[in-house]
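Beneath this line is the structure, given in structure tokens, with notes to follow.
We number each residue from 1, following the sequence as shown. Side chains included, hydrogens not; waters and symmetry mates left out as well; all remaining heavy atoms used. Counting convention: from 1, in listed order, for ligands and their atoms alike.
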Amino acid sequence: MALPRFRRARGGLVVTAALSLALTGCGGDAGSGEGGEAATAPGADAITEPVEIEFWHSMKEKNELAIKTMVDDFKKVNNKITVKPVFKGDYDQMVVAYKQAVQQEATPPLVQIYDIGSRFMYDSQQVVPMYKFIEKDKFDQNANIEPNIASYYTIKNKLWSMPFNSSAPLLYMNADAVKKAGLDPDKPPATLDEIGEWAKKLTIKEGGTVKQFGFNAALYGWFVEQLTAQDNAEYCDNGNGRNGLATKVNFGTGAGPKFAQWLGDLVKQGYATNTGRPTDQAQNAFKTGTIALHLESTSALGGYTEAAKDKFELRTAPFPKPSASSSGGTIIGGGSLWINAAGHTDAEKRAAWEFVKFANTAEQQAKWHAATGYVPVNPQAKSNDNPNFQVAVTQLRAQQPSPATSGCLLGVMPEARKAAEVGLEQAVPAAAGQDPKTPADQAMQNAATTLQTPIQKYNANVEQ
Ligand SMILES: O=P(O)(O)OC[C@H](O)CO
């Protein structure tokens, strides 16, 4: 399907139906912008005098401090450019803030968007694609960006955003609890069933009270995406939306219901606690030391390392596979940096690129990785000697990019993740001894079906 023709809007900017749809979900004139393939990348001569740019991000606590350190480091070597980091809430809140900014013609020159916002950003017509700066500067992409990471942000063979905070999902262990139960943290469980077996041995009850749960994980749609890829299956059709627009999601069958059933059973039997969808709640429970095994992103590692200090021995292990025969891998997570074209001067766009290049350097990526736990995007970056930090790096480098592990490109991917979480909520009982609201197969299938109309509406308005 051809992209609807641009039309001129006030101020010489342009609106597309694709953008309108992405912004409002219902078509109509919603914003303006001049970006996408049409945008150009200004050269180094665009900066002739001091320039200040806002950098919107979603990093909090320890990870936000690491951003501030990076910005300060940048200022020391680029005295003409001031980068002002602005925390805009979590990843979902950022997308809301970004959409509002497009409507108000007030986007920042530089924005961090989570992985699953990539197709939306591509369709938004707001950005200067990263490959244009790469070409302009003859930047060596292969030498500076891990191919396994770049694959996620590569759309139609071109890199659209710069991977920045790249993560992998992990199994976290309270190694003291593991050892006390006579289990060996050096031989961690590798499948959901093995985790279930461990969780039973690791749950400690005193009287009627649970002192330690064997397992917890947020009801987080990201885990459904990861387990699907671990099964070497595609989350959405058309080669995970990379051979053409995806027309449906597949989490109604396979790893989605398997995970929902497995977690529901563990909660019902009292071996896992259900802390709901907010990842903060599952994270806080793990940090108290009363959870033995836990699933989270490597992005939490910096904070966990600090929280566990003097409390318990923290260990990480590869993310589990749905079953021993699963032959896939994990998907790169986290977010990437997008440079906005609409309404920005050449100096601002160039300043944003200068910071993006700086953030990608081996030195900065090594520092960033050591502070946060994110995987270094630059293969030349030294990884942290702490073995907990190396698990995600090894996990990522060991796998070959494939359609499954490149992740699903879908304009309504944030909605898809939320739908999967609604499915999990239906399938996982609130507490021990309770039944789920809906059987797992049906809950996940129902959730997947709710996406058909949003996907069709989105696809009707964007180019293939
Ligand atoms: O917690 P992060 O930054 O690793 O992100 C996890 C997911 O990829 C976000 O979509």
Ligand-side contact atoms (ligand 1) for residue partner [X], heavy atom cut-off under 4.0 Å:
{"X": "Ser297", "result": "1 (O), 2 (P), 4 (O)"}
{"X": "Tyr374", "result": "2 (P), 3 (O), 4 (O)"}
{"X": "Gly333", "result": "8 (O)"}
{"X": "Ser167", "result": "2 (P), 4 (O)"}

Open item on the list: Can you tell me if Glu296 contacts ligand 1 (heavy atom of the residue under 4.0 Å from the ligand)?
Closed with: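 Flag not set, Glu296 not near ligand 1.
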Open item on the list: If the contact criterion is a heavy-atom separation under 4.0 Å, does Tyr220 count as touching ligand 1?
Closed with: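 The answer is yes, since Tyr220 has a heavy atom less than 4.0 Å from ligand 1.
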Task: ligand 1 to Met59 polar contact by distance, N or O atoms, under 3.5 Å - done: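 Checking ligand 1 against Met59, no N or O pair falls under 3.5 Å apart.
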- [ ] Before signing off on this row, confirm whether Tyr114 and ligand 1 have an N or O atom pair separated by under 3.5 Å.
- [x]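 No, no N or O pair falls under 3.5 Å.
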TODO: Looking only at protein heavy atoms, identify the closest one to atom 2 (P) of ligand 1 and say how far it is in Å.
DONE: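 For atom 2 (P) of ligand 1, the nearest protein heavy atom comes out as Ser299 OG, 3.4 Å.
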TODO: For atom 10 (O) of ligand 1, grab the closest protein heavy atom and report residue, atom and distance to one decimal in Å.
DONE: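 Here the closest protein heavy atom is Asp115 OD1, 2.5 Å.
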Between [X] and [Y], is the gap from one ring center to the other below 6.0 Å?
{"X": "Phe259", "Y": "Tyr220", "result": "no"}
{"X": "Phe215", "Y": "Trp262", "result": "yes"}
{"X": "Trp368", "Y": "Tyr374", "result": "yes"}

Task: Polar contact flag, side-chain donor to acceptor under 3.5 angstrom, Asn459-Lys457 - done: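 Result is no, nothing qualifies.
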Task: Pair Asp72 + Lys76: basic N to acidic O under 4.0 Å - done: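 No, this pair does not count.
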Task: Arg315 and Glu313 ion-paired at < 4.0 Å - done: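 Judged by the 4.0 Å cut-off on N to carboxylate O distance, Arg315 and Glu313 do form a salt bridge.
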TODO: Identify the two heavy atoms, one from Gly333 and one from Trp222, that lie closest to each other, and give their separation to 0.1 Å.
DONE: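 That would be CA-CZ2, 4.0 Å.
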TODO: Take the angle between the ring planes of Tyr172 and His294 and call it parallel below 30°, perpendicular above 60°, tilted in between.
DONE: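 It falls in the tilted class, 30° to 60°.
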Open item on the list: Could you work out, for atom 5 (O) of ligand 1, the closest of Gly117, Gly334, Ala392, Ala300 by heavy-atom distance?
Closed with: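 Result: the heavy atom closest to atom 5 (O) of ligand 1 is in Gly334.
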